Amino acid sequence: RKEVEQDPGPFNVPEGATVAFNCTYSNSASQSFFWYRQDCRKEPKLLMSVYSSGNEDGRFTAQLNRASQYISLLIRDSKLSDSATYLCVVSPYSSASKIIFGSGTRLSIRP
Amino acid sequence: NAGVTQTPKFQVLKTGQSMTLQCAQDMNHNSMYWYRQDPGMGLRLIYYSASEGTTDKGEVPNGYNVSRLNKREFSLRLESAAPSQTSVYFCASRPGPDQPQHFGDGTRLSIL
């Protein structure tokens, strides 16, 4: 089983739709969680950190479910500019090296 | 706001040539990382440096060496380039273990 698993997609949704991604992780000791977006042939960019209480940033909401070991990302009112690959990242606190990137979920927003 | 700076941005090498990819960060981060990303694939960790003076192997270290020159700089060297090392190379840094990484904009390397 991979340490971090994501549905690779692609998700193809119309502009204005709500879309949700899940990401599961296997290490129950994991402490830090992040969502990144990566545009084609560009560097990954931090979208948001994921906190235990859940957090929201505009149209984006991230949730953490420790009991079931998954994090989620919800995008409301999707825009054409949201088209990208979304990477789930898990980091156990104890190790500076142990940063696990999911392979990413591709999202395509159509007009 | 420079953040993480990688040089060069593009490079073409012939098989067997050597080259050093440079990375510098101005955020006073402790940890630095080198990744490669092949077309359509995820990031793979080559080497990392948890703090100044230390380096460790990641998932795919063969064919590479690194130097953490000081807190700001972390270089990646290909001693004898091979076509299989054609990839996009990303450098990243972060302040500490529970913090997100910040990435440079990558070096696109082609080996003929």
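Since the model is a prediction, treat every value here as computed from it, not as a measurement. A note on names: the letters A, B, ... follow the listed sequences, proteins ahead of strands, and every chain is numbered from 1.
In the hydrophobic clustering of ILVMFWY residues, with side-chain heavy atoms under 4.5 Å counting as a link, L76(B) and F103(B) come out apart. Note on V4(A): it clusters hydrophobically with L47(A), by side-chain heavy-atom contacts below 4.5 Å among ILVMFWY residues. Clustering ILVMFWY residues whenever any of their side-chain heavy atoms sit less than 4.5 angstrom apart, transitively, puts F33(A) in the very cluster that holds W35(A). By the rule that hydrophobic residues join a cluster once side-chain heavy atoms approach within less than 4.5 Å of another member, F10(B) and Y89(B) end up as members of separate clusters. Cluster membership for M19(B) and Y35(B), using ILVMFWY side-chain heavy atoms within less than 4.5 angstrom, is not shared.
Distance alone, capped at 3.5 Å, places no donor-acceptor pair between the Y36(A) side chain and the P100(B) backbone.
Contacts between R44(B) and chain A at a heavy-atom distance below 4.5 Å are absent for every atom of the residue. For R106(A), no part lies under 4.5 angstrom from a heavy atom of chain B. Both the backbone and the side chain of D105(B) come within contact range of chain A, each with at least one heavy atom under 4.5 Å from a heavy atom of that chain.
Remark: I99(A) CD1 to Q99(B) CD distance equals 11.0 Å, nearest 0.5 Å. For the atom pair CD (Q37(B)) and CZ (F101(A)), the distance works out to 9.5 Å, reported to the nearest 0.5 Å.
With chain A as the partner, the residue from H102(B), R108(B), E59(B), M41(B) showing the most heavy-atom pairs under 4.5 Å is R108(B). Heavy-atom pairs under 4.5 Å with chain B were tallied for E43(A), R41(A), K42(A), K45(A); the largest tally goes to E43(A). By number of non-hydrogen pairs under 4.5 angstrom with chain A, the leading residue of A92(B), G104(B), G106(B), S51(B) is G104(B).
Heavy-atom contacts from other residues, nucleotides or ligands closer than 6.0 Å to CE of M27(B) number more than 12.
Two residues are said to be in side-chain contact when any heavy atoms from C-beta on lie closer than 4.5 Å; Q38(A) and F90(B) meet this criterion.
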